[in-house]
2 protein chains.
Amino acid sequence: MNLTRAHEGPLPDMSCGRRQSRASVRICRECTVQTRAFCAVLDDAALAQMERLHTICCLAGEESLFMEDDAAIAFFTVLKGALRLSKLLPDGRRQITGFVLPGEFIGLAAGEVYAHNADALMDTSLCRFSLTDLDRIGQENPELNSRLLAMTNSNLSLAQDHMLLLGRMNALEKTANFLCSLRTRVAAADQPIDPLVLPMCRADIADYLGLTIETVSRTLTRLKANNIISLPEHNLVRINDIAALTQLAEG
Amino acid sequence: MNLTRAHEGPLPDMSCGRRQSRASVRICRECTVQTRAFCAVLDDAALAQMERLHTICCLAGEESLFMEDDAAIAFFTVLKGALRLSKLLPDGRRQITGFVLPGEFIGLAAGEVYAHNADALMDTSLCRFSLTDLDRIGQENPELNSRLLAMTNSNLSLAQDHMLLLGRMNALEKTANFLCSLRTRVAAADQPIDPLVLPMCRADIADYLGLTIETVSRTLTRLKANNIISLPEHNLVRINDIAALTQLAEG
DNA sequence: CGGCCTATTGAATTTCTTCAAATAGTGTGG
DNA sequence: CCACACTATTTGAAGAAATTCAATAGGCCG
């Protein structure tokens with residue numbers, strides 16, 4: 001699904017508001033992710049401006065937000081749900097480069113076009129700004145660019161960690177690392193971690209870790225056989241021995 | 001080698017100046033990389049300030065600029081030479097996450113400490129600023145942060161490309177991709193590309209591509225056997241069939 | 001010339017993938 | 001409510017790719 005086809009408009013169950021703002025920041029201040037999002041550093045005046053300019057988009061699971069080489073015109077903060085970022089080779093091989101969770105942003109491109117695909121893992125809602133609006137507000141509010149720079153650096157650091165995983169870890173280490181990282185990230189978002197919910201299917205895990213579906217499945221089975229984890233359901237993991245899992249995850 | 005041990009002071013053969021500035025921008029304007037570096041967007045006033053605050057560091061080949069977990073206190077632009085960025089696993093396995101060429105910067109950390117090692121591939125000189133100075137100038141010159149953000153986004157995009165390579169390409173594709181990318185980057189810096197000089201050893205190529213030294217060597221031999229490249233010397237590559245190499249490089 | 005380091009080549013082994021089949025879970029329509 | 005189909009996941013066996021271990025070749029420097 002293309003940007004232009006994304007549903008736009010008020011969301012009945014969203015705490016983050018709708019377009020018609022009265023130059024107040026009431027709506028943004030009530031937003032569930034505002035304190036973690038890029039806009040957390042803005043003062044009330046700037047936030048009121050953002051509130052006037054934002055749009056809400058919703059995606060159903062597996063819907064696409066944008067694709068590689070689409071013109072980069074918009075910037076999004078995930079409010080609820082999650083996105084999957086991926087790149088493809090011409091023959092269809094796919095590498096998932098990361099997941100975007102609530103409070104995180106997506107859409108700053110290095111050039112005129114996006115460098116990867118962004119799809120919803122599940123029903124997802126986003127707070128959207130045009131890049132031209134964002135640029136303008138950035139010029140008027142230097143702290144915004146500092147904030148975006150810090151968040152982008154943090155993404156770069158995650159990317160470097162993931163390169164180490166992809167290039168130098170074996171299947172067991174990759175899988176253990178994935179489970180530990182997911183647990184940490186889910187815990188940081190104050191979500192329950194026991195059991196840990198896997199929001200993506202085996203194919204997504206495989207394409208994230210640079211493995212095949214079968215190898216991911218076998219590796220999870222092996223962790224289960226060693227009593228390090230249990231798999232009560234396909235998308236649920238109980239971590240029985242976090243020390244052992246962490247040990248594996250670090251190589 | 002640690003930051004504090006890096007040689008500092010005037011460089012006889014450097015076009016980019018030394019510490020004692022006279023509030024002019026003469027020295028920076030003569031710098032060989034200034035038009036490509038992050039500071040290219042600064043006006044004369046800001047540049048004069050930078051000129052007062054900068055220091056020149058020199059590293060010999062294989063010397064370390066900083067290590068993972070060192071306190072992040074400084075920011076560097078490569079003037080001449082090249083750096084290698086890497087991360088290590090506890091048992092010594094290494095992943096090279098990128099190379100830093102003249103005009104590019106290094107040192108913006110996501111947190112209090114650096115997230116990777118940075119070592120010189122060869123004799124390298126750098127233009128150094130403390131992060132506190134950089135922050136201050138960034139606050140006074142919003143265009144600086146925009147520029148750093150754009151350059152960081154470009155690094156992130158390269159990192160995502162490299163994840164695709166590490167996770168989903170085979171040895172032949174990885175090696176072809178490496179040669180094509182190096183060629184493009186060297187050409188962009190107006191350096192000769194025929195023969196193409198490999199500034200790093202096989203071990204570095206292997207750790208960059210997530211392969212072993214032996215596999216890199218075998219793959220280069222294979223490309224040579226197919227007349228796609230020639231290897232006149234260990235560190236020189238002639239690309240005989242750029243179309244075929246590009247074809248392989250794209251998967 | 002000899003030693004040392006890097007790179008190449010060869011053979012055996014391991015890991016992961018590929019191909020194939022079985023199982024489990026989910027939703028639909030009768 | 002059950003039979004059926006569909007999909008995702010697991011499991012098994014065979015194969016391929018890359019690694020590991022071992023030996024050789026090529027440069028460079030003293």
Side-chain angles (χ1 to χ4, degrees), chain A residues 60-62 84 89 91-96 121-122 165-179 195-226 229-237 248 251, chain B residues 61-62 84 89 91-95 121-122 165-179 195-226 229-237 248 251:
Chain A
E62 297 303 313
R84 166 180 73 210
L89 289 174
D91 65 0
R93 280 175 287 173
R94 184 179 68 155
Q95 178 64 45
I96 293 179
L121 276 179
M122 61 193 91
L165 177 146
L166 289 170
R168 288 297 180 222
M169 284 184 171
N170 63 35
L172 194 59
E173 292 164 344
K174 284 178 175 180
T175 307
N177 192 298
F178 166 73
L179 291 174
L196 187 62
V197 179
L198 303 181
M200 68 291 282
C201 65
R202 295 292 184 272
D204 286 343
I205 298 174
D207 285 348
Y208 182 57
L209 298 179
L211 298 171
T212 59
I213 300 176
E214 294 93 329
T215 301
V216 170
S217 180
R218 274 185 255 270
T219 308
L220 288 172
T221 303
R222 209 168 133 199
L223 287 170
K224 186 173 71 172
N226 292 346
I229 63 169
S230 312
L231 295 167
E233 291 177 38
H234 284 160
N235 67 334
L236 293 182
V237 178
L248 285 172
Chain B
E62 297 303 311
R84 167 179 73 210
L89 289 174
D91 64 1
R93 279 175 288 174
R94 183 179 70 156
Q95 178 64 45
L121 275 179
M122 60 192 91
L165 176 146
L166 289 170
R168 287 296 179 224
M169 284 184 171
N170 63 33
L172 195 59
E173 292 164 343
K174 285 178 175 180
T175 308
N177 193 297
F178 166 72
L179 292 175
L196 186 64
V197 179
L198 303 182
M200 67 291 280
C201 65
R202 295 292 184 273
D204 286 343
I205 299 173
D207 285 348
Y208 182 57
L209 298 179
L211 298 171
T212 58
I213 299 176
E214 293 93 331
T215 301
V216 170
S217 180
R218 273 185 256 271
T219 309
L220 288 172
T221 302
R222 211 168 132 198
L223 287 170
K224 187 173 69 174
N226 292 346
I229 63 170
S230 310
L231 295 167
E233 291 177 37
H234 284 161
N235 66 333
L236 293 182
V237 178
L248 285 172

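A note on names: the letters A, B, ... follow the listed sequences, proteins ahead of strands, and every chain is numbered from 1.
- B/V237 is not listed as a side-chain neighbour of B/L223, based on a closest heavy-atom distance of 4.5 Å or more.
- Residues passing the salt bridge (charged side-chain N to carboxylate O under 4.0 Å, His left out) test with A/R93, sequence neighbours excluded: A/D91, B/E173.
- In terms of the side chain to side chain donor-acceptor pair (under 3.5 Å) criterion, residue partners of A/S230 (sequence neighbours excluded) are, by chain and number, A/N240.
- Between B/K174 atom NZ and D/dA17 atom C1' the separation is 11 Å, expressed in whole Å.
- For the pair B/R93 CZ and D/dT19 P, the interatomic distance rounds to 12 Å; values are reported in whole Å.
- Between the CZ atom of B/R222 and the P atom of D/dA16 there is a distance of 14 Å, given to the nearest Å.
- Contacts of A/E62 classified as side chain to side chain donor-acceptor pair (under 3.5 Å), with partners at least two apart in sequence or in another chain: A/R84.
- Listed by chain and residue number, B/T215 satisfy the side chain to side chain donor-acceptor pair (under 3.5 Å) test with B/T212 (two or more places apart in sequence, or in another chain).
- Backbone-only engagement by A/L211 is indicated by non-hydrogen atom pairs under 4.0 Å involving sugar-phosphate atoms exclusively.
- Taking B/R218 as the reference, nothing meets the side chain to side chain donor-acceptor pair (under 3.5 Å) condition, with sequence neighbours excluded.
- Rounded to 10°, the helix from C/dC1-D/dG30 to C/dG30-D/dC1 has 30° between the axis fitted to its first five pairs and the one fitted to its last five.
- Between the side chain of B/R222 and the backbone N or O of B/S217 there is no donor-acceptor pair closer than 3.5 Å.
- Scanning for side chain to side chain contact (heavy atoms under 4.5 Å, CB included) contacts around A/N226 gives A/I228, with sequence neighbours left out.
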In B/S/- notation (B base, S sugar-phosphate only, - none; protein heavy atoms under 4.0 Å), nucleotides 20-30 of chain D written 5' to 3' is BB---------
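- The shortest side-chain heavy-atom distance between A/L236 and A/V197 falls under the 4.5 Å cut-off.
- The footprint of chain B on DNA chain C, defined by a heavy-atom cutoff below 4.0 Å, extends from C/dA7 to C/dA11.
- Every salt bridge (charged side-chain N to carboxylate O under 4.0 Å, His left out) that B/R94 has, sequence neighbours left out, goes to B/D204, B/D207.
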